[in-house]
Undergrad: 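One structure, as structure tokens, below. Some questions next.
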2 protein chains.
Amino acid sequence: MNDQGWQSAVSMRDAKGNSQRVTIRHVASAAGVSIATVSNVLNGRTSVAPELVARVRTVMGELGYQRDQVASTLRRRQTSVVGLVLPTLMSPFLAALATRLEGLAHAQGFQLLVGSANEDAEQELSRVQAMLAWRVAGMILAPVDKRFVSQSLIRDQGVKTVIVDRTSDHSDFDSVGVNNLEATLVATRRLIEVGHRRILAVGTSRSIPNMLERITGFETAAAAAGISSSCETLCPGGDLFSIGKALHRRLQQRPLPTAVFALSDVSTLAALQELGDRGLRMPEDVSLLGFDDHEWMQVLRPPISAVRQPTDELARHTWNRMMQRIQGDVSGASRIQLACSLEWRASTAAPPVEVPA
Amino acid sequence: MNDQGWQSAVSMRDAKGNSQRVTIRHVASAAGVSIATVSNVLNGRTSVAPELVARVRTVMGELGYQRDQVASTLRRRQTSVVGLVLPTLMSPFLAALATRLEGLAHAQGFQLLVGSANEDAEQELSRVQAMLAWRVAGMILAPVDKRFVSQSLIRDQGVKTVIVDRTSDHSDFDSVGVNNLEATLVATRRLIEVGHRRILAVGTSRSIPNMLERITGFETAAAAAGISSSCETLCPGGDLFSIGKALHRRLQQRPLPTAVFALSDVSTLAALQELGDRGLRMPEDVSLLGFDDHEWMQVLRPPISAVRQPTDELARHTWNRMMQRIQGDVSGASRIQLACSLEWRASTAAPPVEVPA
DNA sequence: TTGAAAGCGCTAACAT
DNA sequence: ATGTTAGCGCTTTCAA
């Protein structure tokens, strides 16, 4: 790829064919000024004579000069890179969050160093560690679990950090999340309103704070309506397969629930599979309500109801807090909780009329 | 967050409370050696006396020293950061690709600067530009379109680049992709084998090279079987909504196709929606075959058949090529094409028996 | 208003 | 085997 003749006029190569970056020094000598002046033009700091500004700008254009961020960062001791570590990128919710954050960051001249912890605390730690070595301006982190391994590391380094999504209360970090309890509380109430009494909540693992909040919301609503005894919570933990198996076993028993409230996207998938396998129709035989709204839910027939997390707002608040910190805000840790919305679709309806046995 | 008493013993702060990084100099003086020795220990270059190695290592541990990648990069003029620019992160396929790449990169001590072009060529260019200013060791790029705006920029800078997924033939860049033509050829043949004659292919836009290859594969197979006249290709371009509308109109006409081959994931969603709206059962009334295999497809009843792209292998080959380039390989551009697999599930079956009108 | 010069933290010659 | 030193490309006093 080196000697194919497409080398442009503005690229500089040395005798060995290695590309040689255009530095501030090249620009300075070509423009007949000092490197300090070039730097001043670059940063618009001290007042430089307009004609010099023009000349330097022209030369920079001709030479294709671009500031070396590495050198610049080393000298000013502040960088325009922010680290983002997520438990996974394969959740549509987190992928959307990452996309929004990247957009906001880029719009403000920041770059994102992205790491996936693969739902593993050790990997999370090693990602965070590697990013700290880059002297990132800040870290945005959705911790894998509540023990939050990288805590002490981040504190020691005094890196500006915003925790997103998987927030944990006993934290002195800024955090932006969703009011899970409120969300499932409202959603469960709605199910009860339309007539459901036997509701089965399907979660993943109680050790995830978010999940625990969702379960609490569900059980609180059930208790408030006095139907705790006919409601259940299934928390088999693990992946799609193990949730599916647990649900499979439950659906062999009677009576069947009239509504299934899946408390996560993977629970929704499991429920869809098991209800489908049993030939149960939605919403005639059983209603289905999910948590996390994905595109495919809306195109199914019937479309699946879901609690939707406000991705855009989550990203906006997270990035705002990050910028405030970067710009020197040293106020106490803030905790932002946003409300979810309930997307009520055709998969949820009144329960079937009871036929006495 | 600054004066809460949780400051660890290893962090150093100056009088103003700003955290002060531990540098190689601190380590050197604490260990009673020169900074060169510390550097040598860090990089394991020249032979250092074992006892000194041990002492330096201990001190580094005690002080919580971590090498400053920015300074290191500036000096050695090579970095361990690779840029990854994708048209979107919200496609499960690309999210999975990004995850795999990040894993491979991290395992080799590399970090990924990730950018989302949001399907927009201008944004792609501006992402690439920003990354080049960081002197990334290489760029992995899934171009938004075939014009591939950032081409000249990348060439001028001589950055090692691997094009992934959206490869374009007239390219002198390394590329790793999938054999789209072969994939749809095989899949279409299979549909024909089980008896389909009226097959409707639903794509997105012909201006995307991948899509064009898929269409060609489909039409070639149809022509080879002599059923071109009863097959159609729909390419409305745009998003889920506009594909849905186009498909909606087509399904109002007769005769209906006996099989729908959705040539992308968004086409699959549109097809699912429209078939569902029309009350057409799969596979009794019409078979559905998708391109790009997602988790939700397997849990539906019936499970949706799909052409699966080998994400893991794609990532592996891409990263391998990147590493070869970084390690100095200057051979000609390579073009890797991987085979897709056909996940034949219950949504595809023999067509219904024709009832003479 | 412009320029000379001192480093940011690290690596790699080159001395010792 | 260890230390001294000159930068990497840039920003930023401080002088002129």
Side-chain angles (χ1 to χ4, degrees), chain A residues 12 14 18-57 59-60 63-81 132-137 157, chain B residues 12 14 18-57 59-60 63-81 132-137 157:
Chain A
M12 306 178 81
D14 65 15
N18 298 317
S19 73
Q20 193 72 34
R21 302 289 318 198
V22 180
T23 77
I24 205 175
R25 230 169 279 274
H26 298 134
V27 176
S29 74
V33 296
S34 75
I35 62 168
T37 299
V38 177
S39 176
N40 284 331
V41 170
L42 261 180
N43 303 293
R45 299 189 92 77
T46 56
S47 46
V48 182
E51 60 167 73
L52 270 198
V53 175
R55 197 156 88 223
V56 170
R57 285 254 161 76
V59 171
M60 292 200 307
L63 261 46
Y65 171 79
Q66 204 181 16
R67 191 229 277 350
D68 187 324
Q69 294 285 10
V70 176
S72 174
T73 295
L74 177 61
R75 180 55 232 245
R76 358 162 71 120
R77 342 194 67 231
Q78 59 161 310
T79 178
S80 59
V81 170
L132 291 181
W134 273 98
R135 309 293 184 255
V136 289
Q157 310 275 348
Chain B
M12 303 178 84
D14 65 16
N18 297 319
S19 74
Q20 194 73 35
R21 302 290 318 199
V22 180
T23 76
I24 205 175
R25 232 169 277 274
H26 297 134
V27 176
S29 74
V33 296
S34 75
I35 61 167
T37 299
V38 177
S39 176
N40 284 332
V41 170
L42 263 179
N43 303 293
R45 300 189 91 78
T46 54
S47 45
V48 182
E51 58 166 74
L52 269 197
V53 174
R55 196 156 88 224
V56 170
R57 286 254 162 76
V59 172
M60 293 200 307
L63 262 45
Y65 170 80
Q66 205 181 14
R67 181 223 251 86
D68 185 325
Q69 293 285 10
V70 176
S72 173
T73 296
L74 178 61
R75 179 57 233 243
R76 354 164 68 123
R77 344 197 64 232
Q78 59 161 310
T79 178
S80 59
V81 170
L132 293 181
W134 274 99
R135 307 294 184 256
V136 289
Q157 310 275 349

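Residue numbers begin at 1 in each chain, while the letters A, B, ... track the order of the sequences. No experiment lies behind these values; they were computed from the predicted model shown.
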Undergrad: If you compare all heavy atoms of A31(A) against all heavy atoms of V59(A), which two are closest, and at what distance to 0.1 Å?
TA: CB-CG2, 3.8 Å
Undergrad: Whole Å only: how far is the CG atom of D68(A) from the C1' atom of dC10(C)?
TA: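 Rounding to the nearest Å, CG of D68(A) and C1' of dC10(C) are 15 Å apart.
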Undergrad: Just call it for N40(B): base, sugar-phosphate, or nothing, with non-hydrogen atoms closer than 4.0 Å on any strand.
TA: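 No contact.
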Undergrad: Using only atom types and a distance under 3.5 Å, with no angle test, would you say the side chain of T73(A) pairs donor to acceptor with the backbone of Q69(A)?
TA: yes
Undergrad: Nearest to the side chain of R77(B) - dC8(D), dC10(D), dT2(D)?
TA: dC8(D)
Undergrad: Is V48(A) touching bases, backbone alone, or none of the nucleic acid, heavy atoms closer than 4.0 Å?
TA: sugar-phosphate
Undergrad: Could you tell me how far apart N43(B) (CG) and dG9(C) (P) are, to the nearest whole angstrom?
TA: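 Distance, rounded to whole Å: 17 Å.
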Undergrad: Compare all side-chain heavy atoms of D68(A) with those of R21(A) and state whether any distance is below 4.5 angstrom.
TA: no
Undergrad: Within the 4.0 Å heavy-atom criterion, would you say V33(B) contacts the bases, only the backbone, or no part of the nucleic acid?
TA: sugar-phosphate
Undergrad: Please determine if a side-chain N or O atom of R67(B) lies less than 4.0 Å away from the OP1 or OP2 oxygen of dT11(C).
TA: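 So the side-chain polar atoms of R67(B) do come within 4.0 Å of the phosphate oxygens OP1 or OP2 of dT11(C), strictly under.
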Undergrad: Verify side chain to side chain contact (heavy atoms under 4.5 Å, CB included) between E51(B) and V56(B), making sure each step is shown before the conclusion.
TA: CA-CA 9 Å; E51(B) 58 166 74; V56(B) 170; over 6 Å; no
Undergrad: Does any donor atom in the side chain of R135(A) or Q78(A) lie under 3.5 Å from an acceptor atom in the other side chain?
TA: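 No - no donor-acceptor pair under 3.5 Å links their side chains.
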Undergrad: I24(A) CD1 to dA5(C) C1': how many Å, rounded?
TA: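 Result: 14 Å.
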Undergrad: Which listed nucleotide (dT11(C), dT12(D), dG9(D)) is nearest to the side chain of A71(A)?
TA: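 Out of dT11(C), dT12(D), dG9(D), the nucleotide with an atom closest to A71(A)'s side chain is dG9(D).
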Undergrad: Between C1' on dC10(D) and CZ on R21(A), what's the gap in Å once rounded to a whole number?
TA: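 It works out to 14 Å between those atoms.
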Undergrad: Nearest to the side chain of L52(A) - dT11(D), dT11(C), dT2(C)?
TA: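 Closest of the options to the side chain of L52(A): dT2(C).
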Undergrad: Is there a side-chain contact between W134(A) and V70(B) in this structure, where contact means two heavy atoms from C-beta onward sitting under 4.5 Å apart?
TA: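 A side-chain contact under 4.5 Å exists here.
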Undergrad: dG9(C) C1' sits how many Å from H26(B) NE2, rounded?
TA: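 Taking atom C1' of dG9(C) as the reference, NE2 of H26(B) is at 11 Å.
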Undergrad: Would you tabulate the nitrogen or oxygen pairs shorter than 3.5 Å linking the protein to nucleotides 4-6 of chain D?
TA:
none

Undergrad: Separation of Q78(A) atom CD from dT12(D) atom P, in whole Å?
TA: 8 Å
Undergrad: Nearest-Å distance, CG (L74(A)) to P (dG7(D))?
TA: 17 Å
Undergrad: Does V41(B) form a side chain to side chain contact (heavy atoms under 4.5 Å, CB included) with L52(B)? I'd like the steps, not just the answer.
TA: CA-CA 9 Å; V41(B) 170; L52(B) 269 197; 5.9 Å; no
Undergrad: Which atoms form the tightest heavy-atom contact between L42(A) and Y65(A), and what is the distance?
TA: CD1-OH, 3.6 Å
Undergrad: May I ask you to evaluate whether S39(A) reaches the phosphate of dC10(D), defined as a side-chain N or O under 4.0 Å from OP1 or OP2?
TA: no
Undergrad: Rounded to 10°, tell me the angle between the two end axes of the helix from dT1(C)-dA16(D) to dT16(C)-dA1(D), each built from five pairs.
TA: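 Overall, the helix from dT1(C)-dA16(D) to dT16(C)-dA1(D) bends by 40° from one end axis to the other.
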Undergrad: Would you kindly give the CD-to-P distance between Q69(A) and dC8(C), to the nearest whole Å?
TA: 21 Å
Undergrad: What's the closest nucleotide to the T23(A) side chain, out of dG9(C), dG9(D), dT11(C)?
TA: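 For T23(A), the side-chain atoms sit closest to dG9(D).
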Undergrad: With a 4.5 Å heavy-atom cut-off, do R55(A) and V33(A) have their side chains touching?
TA: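 Touching, per the 4.5 Å side-chain cut-off.
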